[in-house]
**Student:** 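One structure coming up, written as structure tokens, with questions to follow.
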Amino acid sequence: MGERYGGDHLDFRDGEFKGDFIAKQVAYHQHGPAPTALDALPPKVAGFTGRGDELGELLGAFDPDGGEAPGAVLVAAVSGLGGIGKTALAVEAAHEACDKGWFPGGVLFVNLHGYDDDRVTAEQALEGLLRALGTAPEHIPNGVDARTALYLSVLRARERELGAVLVLADNASSAEQVRPLHPGGVRHRLLATSRSKLPQLGARLLPLGELSPGEAYDLLARALRIAAPGDARVANESEAAAELALLCGHLPLALQIAAALLVLDGDKPVAELVAELAESGDRLLHLDDGERSVRAAFDLSYGRLPAEQARLLRLLALAPGPEVTAEVVAVLDGADTPPVRVLDALSRAHLVERGSGRGRWRLHDLVRVFGVGVVKGDVGLWEEGEAARERVLEFYLGWARAADGRLRWLPGRPVPERFTDRAGALAWLDAERAGLVAAVQWAREDRYAGTAVRLSQCLAEYLDWRRSFDDLITVCGVAREAAHRAGNRVDEAIAWTSLGNALREAGRAGEAIDAHTRARDLFQAVGDRPGEASAWNNLGGALRQAGRAGEAADAHTRARDLHQTVGDRHGEASAWDNLGFALGEAGRVEEAAGAHTRARDLHQAVGDRQGEARAWNNLGATLWEAGRVEEAVEACEKALEGFREFDDWFRAGQTLSNLALLHQHAGRPAEARTHYLESAEAYTRANAPTEAARARTRASAVTP
């Protein structure tokens, strides 16, 4: 006989027939009773948890008294990535359906081994099913058509005598394997599982994704308690358990293996296993308990891919960021257009998933690890992958440079070609942000350092604009290290400058002072006067935030003078504006108003509407300090007009709050409340929830 399939179920693959079916072990007698298929269902998977919605959908589809029209759902197909838990769900659903009495005719189970080298053909599967239904071997004809006809005839008789039958066809690789197993009639049901979607079956399709974080946590906890009821490691180390689930990609197979590793070593803290996985260069190496392996599961799927699909899967594993646009996929592929047909095929195989929007694609985290491992294991594949990464980096640099040029564009300069307006540039940067930030981190590798550093410089204005200071600190830090390694003092100074600005916006004034001081010294060392002027100006801002107004005023004055010397009126305007801040904080209010006015006029002269709006806003604050309330209101309204023009919602929120305060001071509570609410809305659009909440609180506190 064949191998046991858990308990007393047998795998008949060594008889005269070459098929694969599972049924209760019976002895065949010429005149004995026909063997039953009622017990052919494998036992439930121990520790099964989660999948409540999916289980409900399957049961709803097969419920003979449910809302479905009679015979409407004869076939259901559960599909998903290897190790995602398809069989466990199908078996659980089958057991529940049987417990409800829906299939009194019995359950047939056949493992089609669709991804093994010796796949079970439909003809072999039919032979096994017919034997399980009590058909004597000598009465089973040859050929798919003849066996299908007999199979349907036997099932019709069984339906009349005993009732409906459920056929569970596990691990199919194609619709061709499953279609002849359709049980016919209106009461029988077929449930198939596959790593590929099977739309050709006309089935109710149920694609499975990874478990939720909560379900993954429960699986780990339950698996340990089954082995040892008193094992409370998951509960006692809940944060480590959540991290372990994340490292397992919330994939049931990976989670079960991780649990088994903990069970095998009952003294091992969860955090220790987390550290092993996190620090490993290949997580899949650890996700192996001797009998089960995530890599082996993925190998089966990967090994069946045509060459073009296998190649694209490998390249996608090397892509920066958690997901990529179809345009970036084309660049990875080295093609002029996205390989949509290949992507769709990989999606049907559940090796590639659709991302957060149309035309976006992602890999499960462990599939990415698998793909990288395949590439690293072959010199030729590695070089192919490195070339693809270079193409992506060059693509990102070209488009990011164009987008940055549009964000920084001023009247009188050449009009950027790739983006017709700021909105288009921001939309592209928003869509590609995660990939751009990830690609900059390739600067740690010498092969990509130069291009990645230039890319970081193209993101500084955008990330500051979007107030993504964590990302800005990350990309600037990586770029600074790479430039220092290469001995490029100018690029290093630029990175220190952007890093200092991000640190200051993040409220880390002391670190910002250090960063801008380093930038200033590097610019001085290479004789870059414009760079030095900007560094003095930025240093002044950090000093001002640290409460050192006098030193800040000196720094801004140095910046102003240097900008004047090199003829940079835009930089001079910025220095005047910042000098106004420092003078105001030093109590020199009239001088501060004069500095902001000078900045406004210079920004107007060079056509910098954004800079002009900032200067108007700063002038309004200073005029208020001087007690000139109505002039302050007028200045703030001018500023608001400019900020709205450029969708600068954070500064618009600041200005609206200032206007609210001014109206309160002038005894106009209705106007104050309106401006606070508008401020909250602007802050919300700027992704500044703390400031938005503060504005709403102030609005509610305004009394008529």
Side-chain angles (χ1 to χ4, degrees), residues 407-408 410-413 460-461 464-465 493-494 496-505 509 512-513 515-524 526-623 625 635 639 642 648 651 654:
L407 295 185
R408 297 177 185 269
L410 293 172
R413 294 181 181 178
E461 177 75 8
D464 179 75
W465 181 263
I494 293 171
W496 274 118
T497 295
S498 296
L499 180 59
N501 289 335
L503 290 167
R504 180 170 60 85
E505 290 288 355
I513 289 170
H516 290 309
T517 300
R518 289 175 180 269
R520 179 201 63 193
D521 293 346
L522 283 166
F523 281 128
Q524 284 178 341
V526 298
D528 186 336
R529 302 295 293 283
E532 181 188 350
S534 294
W536 275 113
N537 200 21
N538 291 321
L539 177 58
L543 288 166
R544 193 172 71 248
Q545 188 181 58
R548 296 155 63 177
E551 294 173 79
D554 290 341
H556 291 312
T557 300
R558 290 287 298 272
R560 179 201 64 192
D561 295 344
L562 278 170
H563 280 304
Q564 286 177 342
T565 299
V566 299
D568 182 359
R569 290 198 295 169
H570 182 270
E572 182 187 350
S574 177
W576 272 115
D577 212 13
N578 287 327
L579 177 58
F581 273 125
L583 291 170
E585 289 173 11
R588 298 155 64 180
V589 178
E590 291 300 329
E591 291 177 77
H596 290 310
T597 301
R598 186 70 180 271
R600 179 202 63 193
D601 294 344
L602 278 169
H603 281 305
Q604 285 178 339
V606 297
D608 183 356
R609 288 278 294 137
Q610 290 174 265
E612 181 187 346
R614 289 194 295 271
W616 271 118
N617 184 63
N618 300 334
L619 177 59
T622 303
L623 290 169
E625 284 289 320
D648 190 344
R651 290 192 175 94
Q654 290 178 316

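Along the sequence shown, residues are numbered consecutively beginning with 1. The structure displayed is predicted, hence computed values, not measured ones.
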**Student:** Over all heavy atoms of both residues, which pair between Ile513 and Ala542 is shortest? Give the atoms and the distance, please.
**Tutor:**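 Taking Ile513 first and Ala542 second, the nearest heavy atoms are CG1-CB, 3.6 Å.
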
**Student:** Would you tabulate the side-chain donor-acceptor contacts of residues 498-505 under 3.5 Å, counting partners in other chains and residues two or more places apart, or write 'none'?
**Tutor:**
from: Asn501; atom 1: OD1; to: His516; atom 2: NE2; distance (Å): 3.3
from: Asn501; atom 1: ND2; to: Thr497; atom 2: O; distance (Å): 3.4

**Student:** Which value, rounded to the nearest 0.5 Å, describes the distance between Arg408 atom CZ and Trp465 atom CH2?
**Tutor:**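 Rounded to the nearest 0.5 Å, the CZ-CH2 separation comes to 12.0 Å.
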
**Student:** Measuring from Leu539:CG to Asp554:CG, what's the distance to the nearest 0.5 Å?
**Tutor:** 10.5 Å

**Student:** Tell me, please, which residues at least two apart from Asp528 pass side-chain contact (heavy atoms from CB on, under 4.5 Å).
**Tutor:**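 Residues passing side-chain contact (heavy atoms from CB on, under 4.5 Å) with Asp528: Phe523, Val526, Pro530.
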
**Student:** For Glu585, check side-chain contact (heavy atoms from CB on, under 4.5 Å) against everything at least two apart and list the hits.
**Tutor:** Arg544, Ala549

**Student:** With sequence neighbours left out, write down each residue that passes side-chain contact (heavy atoms from CB on, under 4.5 Å) with Gln524, or none if nothing qualifies.
**Tutor:**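 Checked Gln524 against side-chain contact (heavy atoms from CB on, under 4.5 Å); matches are Arg520, Asp521, Glu532, Trp536.
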
**Student:** Residues two or more places apart in sequence or in another chain: which of them pass side-chain contact (heavy atoms from CB on, under 4.5 Å) with Ala605?
**Tutor:**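 If we apply the side-chain contact (heavy atoms from CB on, under 4.5 Å) test to Ala605, skipping adjacent residues, the hits are Arg569.
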
**Student:** Please report the closest heavy-atom contact between Ala519 and Ala535, naming both atoms and the distance.
**Tutor:** C-CB, 4.2 Å

**Student:** Is it the case that more than 12 heavy atoms not belonging to Gln545 sit under 6.0 Å from its CD atom?
**Tutor:** yes

**Student:** Going by the rule ring pair (Phe, Tyr, Trp, His ring centres under 6.0 Å), which residues pair with His556 if we only count those two or more places apart in sequence or in a different chain?
**Tutor:** none

**Student:** Which value, rounded to the nearest 0.5 Å, describes the distance between Asn538 atom CG and Ser574 atom OG?
**Tutor:** 7.5 Å

**Student:** Look up atom OG1 in Thr597 and atom CG in Leu602, then write down how far apart they are to the nearest 0.5 Å.
**Tutor:** 11.0 Å

**Student:** Give me each pair satisfying ring-ring contact (aromatic ring centres under 6.0 Å, His included) with a member in residues 560-589, each pair once, sequence neighbours excluded.
**Tutor:**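 Of all non-adjacent pairs touching residues 560-589, those that pass ring-ring contact (aromatic ring centres under 6.0 Å, His included) are His570-His603, Phe581-His596.
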
**Student:** With sequence neighbours left out, write down each residue that passes side-chain hydrogen bond (donor to acceptor under 3.5 Å, both in side chains) with Arg529, or none if nothing qualifies.
**Tutor:** none

**Student:** Can you tell me which residue pairs pass the salt bridge (Lys or Arg N to Asp or Glu O under 4.0 Å) test with a partner in residues 607-619, sequence neighbours excluded?
**Tutor:** Arg609-Glu612, Arg609-Glu645

**Student:** Can you tell me which residue pairs pass the salt bridge (Lys or Arg N to Asp or Glu O under 4.0 Å) test with a partner in residues 572-582, sequence neighbours excluded?
**Tutor:** none

**Student:** For Ala592 versus Gly580, what's the shortest heavy-atom pair and its separation?
**Tutor:**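 Nearest heavy atoms, Ala592 then Gly580: CB-O, 3.2 Å.
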
**Student:** By side-chain hydrogen bond (donor to acceptor under 3.5 Å, both in side chains), which residues pair with Asp648, not counting sequence neighbours?
**Tutor:**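 Here the qualifying residues are Arg651.
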
**Student:** Got a sec, which pairs hit salt bridge (Lys or Arg N to Asp or Glu O under 4.0 Å) with one end in residues 590-600, sequence neighbours left out?
**Tutor:**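 As it turns out, the salt bridge (Lys or Arg N to Asp or Glu O under 4.0 Å) pairs with a partner in residues 590-600, which skip direct neighbours, are Arg588-Glu591, Glu590-Arg628.
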
